[in-house]
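The structure under discussion appears below in the form of structure tokens.
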2 protein chains.
Amino acid sequence: MIRYSEVKRILKSHNLRITDGRIDILEFILRANKTISIKDLEKEFKSLDRVTLYRTLTSFTENGLLHKIPDDSGHATYGLCHNTCDSKNHYHDHIHFKCNECGTIECLDQNVPAFKVPGYLVKATDVILKGVCKTCVIY
Amino acid sequence: MIRYSEVKRILKSHNLRITDGRIDILEFILRANKTISIKDLEKEFKSLDRVTLYRTLTSFTENGLLHKIPDDSGHATYGLCHNTCDSKNHYHDHIHFKCNECGTIECLDQNVPAFKVPGYLVKATDVILKGVCKTCVIY
DNA sequence: CTTTTTATGCAACAAATTTGCAAATATTAA
DNA sequence: TTAATATTTGCAAATTTGTTGCATAAAAAG
């Protein structure tokens with residue numbers, strides 16, 4: 001169970017102003033336990049303006065609460081950062097899985113390996129696996 | 001130097017009809033030697049309709065000439081496939097690098113490693129490194 | 001060179017995202 | 001606790017991105 005005080009604490013610790021909308025949105029994200037898109041939020045929060053949802057995702061991302069997951073579908077998807085992120089340091093060191101069947105994008109526990117490219121400065125790594133997820137796979 | 005006959009041969013070998021537009025576009029992509037976006041094409045080919053550019057990217061991708069690279073910017077980016085791709089078999093087994101300075105996305109020679117996730121069926125893997133590219137990096 | 005197939009341009013549409021601005025709300029400082 | 005300041009929200013409107021239908025033009029096949 002996620003408590004109101006905990007949600008507030010998380011917002012505060014990321015230097016985000018505490019508003020009713022943000023509390024509800026963050027609680028929803030925490031509870032969802034999967035990556036979310038603007039569509040998910042629009043479906044869930046009919047009372048909040050679309051623009052506000054976009055801006056919330058942006059500020060959450062800027063302040064290290066969420067990370068944007070690259071996708072070739074043209075729909076931005078966001079996942080929760082691990083506790084270590086803030087506006088200065090943005091690690092999202094886990095890999096992602098996109099299911100071709102249900103479309104869900106999950107954050108997996110597996111960490112990304114280190115890549116070294118001579119002459120390049122690597123600051124972040126995104127790994128997106130595609131295929132059939134645990135829920136959709138048929139043996 | 002890329003010759004007209006070579007460009008035609010490549011189109012033909014991917015079962016793509018040869019048109020003036022496609023020759024110009026493919027030549028541009030081959031010459032660019034980096035990944036391209038619809039924006040790049042719009043800038044370069046003012047005489048071609050936007051819809052045609054979209055459709056060209058789609059058919060090039062469907063026929064294994066290009067691959068779509070996931071990106072979190074909301075702008076689809078495409079890279080040349082290695083010679084081995086066709087409409088049936090689509091391998092793009094190399095990793096990508098996106099430069100935070102110049103925005104360019106490059107295909108690197110390095111191959112993606114194999115990821116195994118218990119319970120999941122992995123069919124494709126995308127790796128996008130982010131940082132500062134060879135051209136922009138300052139020592 | 002005629003037929004068949006496919007690509008192109010145009011107009012219109014649809015979806016996704018951004019911007020400016022005034023009003024409302026949250027935080028800070030007194 | 002209140003007044004001043006800073007930020008967020010909602011609304012309307014614009015922009016950007018991508019798609020669809022259809023007539024015409026062009027390419028490939030016979």
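Here is the naming used below: chain letters follow the sequence lines, and residue numbers restart at 1 for every chain.
- A search for side-chain contact (heavy atoms from CB on, under 4.5 Å) contacts involving A:Leu121 returns A:Lys123, B:Val132, B:Val137, not counting sequence neighbours.
- B:Ile69 and B:Leu129 sit in two unconnected hydrophobic clusters of ILVMFWY residues. Membership requires side-chain heavy atoms under 4.5 Å apart, directly or through other members.
- Across all strands shown, A:Lys39 has heavy atoms under 4.0 Å from sugar-phosphate atoms exclusively, and none from any base.
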Using a cut-off of 4.0 Å between protein heavy atoms and nucleotide atoms, how would you tag nucleotides 2-13 of chain C 5' to 3' with B, S and -? ---BSSBBBB--
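- Judged as a side chain to side chain donor-acceptor pair (under 3.5 Å), and not counting sequence neighbours, A:Arg50 has no contacts.
- For A:Arg17, the side chain to side chain donor-acceptor pair (under 3.5 Å) criterion is met by no residue, not counting sequence neighbours.
- Residues passing the side chain to side chain donor-acceptor pair (under 3.5 Å) test with B:Asp24: none are found, sequence neighbours excluded.
- With sequence neighbours left out, B:Lys12 forms a side-chain contact (heavy atoms from CB on, under 4.5 Å) with B:Ile18.
- B:Phe45 is linked by a ring-ring contact (aromatic ring centres under 6.0 Å, His included) to B:Phe28, counting only residues two or more places apart in sequence or in another chain.
- Here B:Gln110 pairs with A:Phe115, A:Val117, B:Ile95 under the side-chain contact (heavy atoms from CB on, under 4.5 Å) rule; sequence neighbours left out.
- The CG-P distance, from A:Asp71 to C:dA15, rounds to 19 Å in whole Å.
- Residues forming a ring-ring contact (aromatic ring centres under 6.0 Å, His included) with A:Phe97 (at least two apart in sequence, or on another chain): B:Tyr120.
- Each end of the helix from C:dC1-D:dG30 to C:dA30-D:dT1 gets its own rotation axis from five pairs of C1' atoms, and the angle between them is 50° to the nearest 10 degrees.
- Partners of A:Lys39 according to the side-chain contact (heavy atoms from CB on, under 4.5 Å) rule, which considers only residues two or more places apart in sequence or in another chain, are A:Ser37.
- For DNA chain D, the outermost nucleotides in 5' to 3' order that have an atom under 4.0 Å from a heavy atom of chain B are D:dT17 to D:dA28.
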